[in-house]
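Contents: one structure, followed by commentary.
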Amino acid sequence: MCGIAGYVGYKVATPFVLDCLQKLEYRGYDSAGIAFTQNDSLCRLRVLGGVDNLKRAVSQDVIDSSVMIGHTRWATHGRVSVENAHPQMSNHHDVAVVHNGIIENFDNLKAELQSTGVTFESQTDTEIIPNMIHNNLTGYTDTQILDALQKTTRRLQGSFALCVLVSKVDKIFATARFSPLLFVKSDYGFMVASDLGALPNGEKYKLLDDYFAVISKEGISFFDKDMQPVTLQKLDITNTQQDEGHLGFDSYMAKEVSQGGDAIRNTCKNLIESNALDIACTELFTHTFRIVITACGTALHAGRILGYMLQKECGIECVIDYASEFRYFPPHIDEETVCIFISQSGETADTLSCVEFAKTKQARTLGITNVPTSRLAGMVDYCILSSAGAERAVASTKVLMAQLAIIYMLVQKICKILNKSCEFSFKDILDCANKLDRLKSVSKLDKITRILQHKQSLFVLGRGLDYLTALEGALKIKEVSYIHCEALPLGELKHGSLALFNNDSYCIVLMTQKHLMAKTINNIHEITTRGAHVILITNMDVSVDVDYVIKIDCQDTLSPIPAIKVLQILALKLAKIKKIDVDKPRNLAKSVTVE
């Protein structure tokens, strides 16, 4: 969840590390800090809040160091405080560490260290690491420091990406397990970061699990699990994850919501040019198979829509579950199962653990992600890449649109393989994307926003595919506006939820499925009879007594695309009118890299 940055070169490190941390801030903004070498000693500076606060603190000091590590934190172990901010240091202040991930056995290791007299100032799982490295150090050569780092990591259970500074040594030492670290050789020096998009242009490399790296002013050296020097393959990839800024919008989320149509068009174009979808479908779906789909958050909502479409269009029964529950209530999985995993970052820890579980059952695996260098992309048998570009807001918007493009094209391909007709065409998908551009300003939403901003609770309701759309709409509203928002299937209201409705209740009702129109209208009457207010999002010309009607132009099967965009815009407007930083919602971070 956190962001790691590091620099070694012949220039002052501060601007490079701070710029890198700024690009990583969407991974965590509870606190930020740096550590650097200076006169054979280690210095450290930490602040609460985001990187801007760190920049202000740095501006008050003269830091003339060309070796630095930095961190922006999303709190997991320990409250938000300066003591819990990274970098963490050993008792002797001779080892500094920044860490992504979770050390699952840190309690036992901490107790062991305390029994030898080590004291701790933080509640983090990270603070054990510099102290263990210190205890394992026998000297200050590269070999001795790497040996101490390896002895330490062998005892760590869980996931981690580590960058380490040792006093008297102007180098960064790094290792990772189940957490990404990427390196670049650039014109300005040598850098490491936990995200490809945070790095400048240059030769890029990704560290393999339990491999090690040493960054010096002479270059980057890599070592395998046996500490033998290795040459890693350079990443042959165009950096589509580069941060392009706000582009004139007042937030990343506003920009990314506006780019939904582009995300669909670019994804469709690249899928056709790469032929990746044809290859995957031919290999996975031309003989006996059953489908299991798992993901988290917004990606799971995309997965639910995929499952619905596969059952409706292809006649394939799908099992769909939260990745966090997948291993504990596992469906039947074997070599005839195709497991589909969806993740924006490709680093979602719960989802990756499901991939590992599926592989133990000899299942065939398909991944859908936006990041080609991600662990998910490397773990699955076949990977389908979305082409949304960098997404920096915590709330996923345009990547979901790209995922929906993949989903609809995937359903088309499977229908063709199974000799089944499909209700929509490739042209229909592109037409739907083009119509999104005309949803940039939905005038009625301004008045609706002024009313809803004061509400403590909202409901988003629908039937069938509309209910699956409602799940994502409710998530977006609660994520960025902090209004409790619950998605409910309309047919279930009489089984309990109707008790919550009164004259102060506001319900957003989705009605885009013509075969469910009559039942949906009956449900609307049930809601308004209880005095509740209704905002209707529909693609139909109907006469029904509601407070507001928002029209979208789409065929029923493709309705999630425009309906979700309307709800994204509403969530954005609610956050803005409530003066909430929409890019950094409280308690949340972009990439959930810990379980």
Inset, instruction - May I ask you to say whether Lys255 pairs ionically with Asp250, meaning some side-chain N is under 4.0 Å from a carboxylate O? - result: no
Inset, instruction - Mark yes or no for whether Asn434, through its side chain, and Leu430, through its backbone, hold a donor-acceptor pair below 3.5 Å. - result: yes
Inset, instruction - On the 0 to 90° scale, with breaks at 30° and 60°, tag the Phe459-Phe501 ring pair as parallel, tilted or perpendicular. - result: tilted
Legend entry - Main-chain N/O of Val399 paired to Ser386 side chain as donor or acceptor, under 3.5 Å: no
Legend entry - Residue pair Ser396 / Thr298, side-chain donor-acceptor N/O under 3.5 Å: no
Legend entry - Contacts of type side-chain contact (heavy atoms from CB on, under 4.5 Å), residue Ser374, not counting sequence neighbours: Glu347, Thr369, Val371, Leu376, Ala377
Legend entry - Heavy-atom check, side chain of Ile483 versus side chain of Gln456, under 4.5 Å: no
Legend entry - Carboxylate-amine/guanidinium contact Asp556 Lys514, below 4.0 Å: yes
Legend entry - SB check Lys312 Glu423 (cutoff 4.0 Å): yes
Inset, instruction - State, without any angle test, whether Thr512 and Asp466 hold a side-chain donor-acceptor pair at a distance under 3.5 Å. - result: yes
Legend entry - Inter-residue atom distance Asp350.CG - Phe326.CZ, 0.5 Å rounding: 12.0 Å
Legend entry - Side-chain ion pair, Lys435 and Asp431, N-O less than 4.0 Å: no
Legend entry - Salt-bridge contact Glu526-Lys494 (side-chain N to carboxylate O under 4.0 Å): yes
Inset, instruction - May I ask you to check whether His332 and Asp334 show a side-chain donor-acceptor distance below 3.5 Å? - result: yes
Inset, instruction - Please examine the side chains of Leu385 and Asn370, heavy atoms only from C-beta on, and report whether any two atoms are closer than 4.5 Å. - result: no
Legend entry - Side-chain (Lys478) to main-chain (Cys485) donor-acceptor, under 3.5 angstrom: yes
Inset, instruction - Applying side-chain contact (heavy atoms from CB on, under 4.5 Å), name anything that partners Ser251, two or more places apart in sequence or on another chain. - result: Met253, Ala254, Leu572, Val582, Asp583
Inset, instruction - Output yes when Arg364 and Asp381 qualify as a salt bridge under the 4.0 Å nitrogen-oxygen rule, no when they do not. - result: no
Legend entry - Side-chain heavy-atom pair Ile264, Ile429 within 4.5 angstrom cut-off: yes
Legend entry - Point-to-point distance, once rounded to the nearest 0.5 Å, from CG of Leu461 to CD of Glu492: 12.0 Å
Inset, instruction - Indicate whether any N or O donor in one side chain lies under 3.5 Å from an N or O acceptor in the other, for Asp262 and Gln259. - result: no
Inset, instruction - Check whether any side-chain heavy atom of Val257 sits under 4.5 Å from a side-chain heavy atom of Ile569, and report yes or no. - result: yes
Inset, instruction - Please determine if Asp446 and Lys573 form a salt bridge, counting it only when a charged side-chain N lies under 4.0 Å from a carboxylate O. - result: yes
Inset, instruction - Please report the closest heavy-atom contact between Leu516 and Arg463, naming both atoms and the distance. - result: CD1-CB, 3.7 Å
Legend entry - Flag side-chain contact, heavy atom, 4.5 Å: Leu182 against Ser194: no
Legend entry - Output field: ring centroids Tyr408/Phe424 closer than 6.0 Å: yes
Inset, instruction - Check the side chains of Ser457 and Glu486 for a donor-acceptor pair under 3.5 angstrom, ignoring hydrogens and angles. - result: no
Legend entry - Nearest-0.5 Å distance, CD1 of residue Ile577 to CG of residue Leu452: 9.5 Å
Legend entry - Side-chain ion pair, Glu479 and Lys476, N-O less than 4.0 Å: yes
Inset, instruction - May I ask you to say whether Asp209 pairs ionically with Arg177, meaning some side-chain N is under 4.0 Å from a carboxylate O? - result: no
Inset, instruction - Examine the side chains of Asp321 and Thr294 and answer whether a donor and an acceptor come within less than 3.5 Å of each other. - result: no
Inset, instruction - Give, for atom SG of Cys554 and atom CD1 of Ile561, the distance between the pair rounded to the nearest 0.5 Å. - result: 8.5 Å
Inset, instruction - Name all residues meeting the ring pair (Phe, Tyr, Trp, His ring centres under 6.0 Å) criterion together with Phe289; count only those two or more places apart in sequence or in a different chain, and write none if there are none. - result: Phe285
Inset, instruction - Indicate yes or no: does Glu25 engage Lys584 in a salt bridge with an N to O separation below 4.0 Å. - result: yes
Inset, instruction - Could you check if a side-chain atom of Thr397 sits within less than 4.5 angstrom of a side-chain atom of Glu391, using non-hydrogen atoms only? - result: yes
Legend entry - Exam field: side chain Tyr482 to backbone Arg586, donor-acceptor pair closer than 3.5 Å: yes
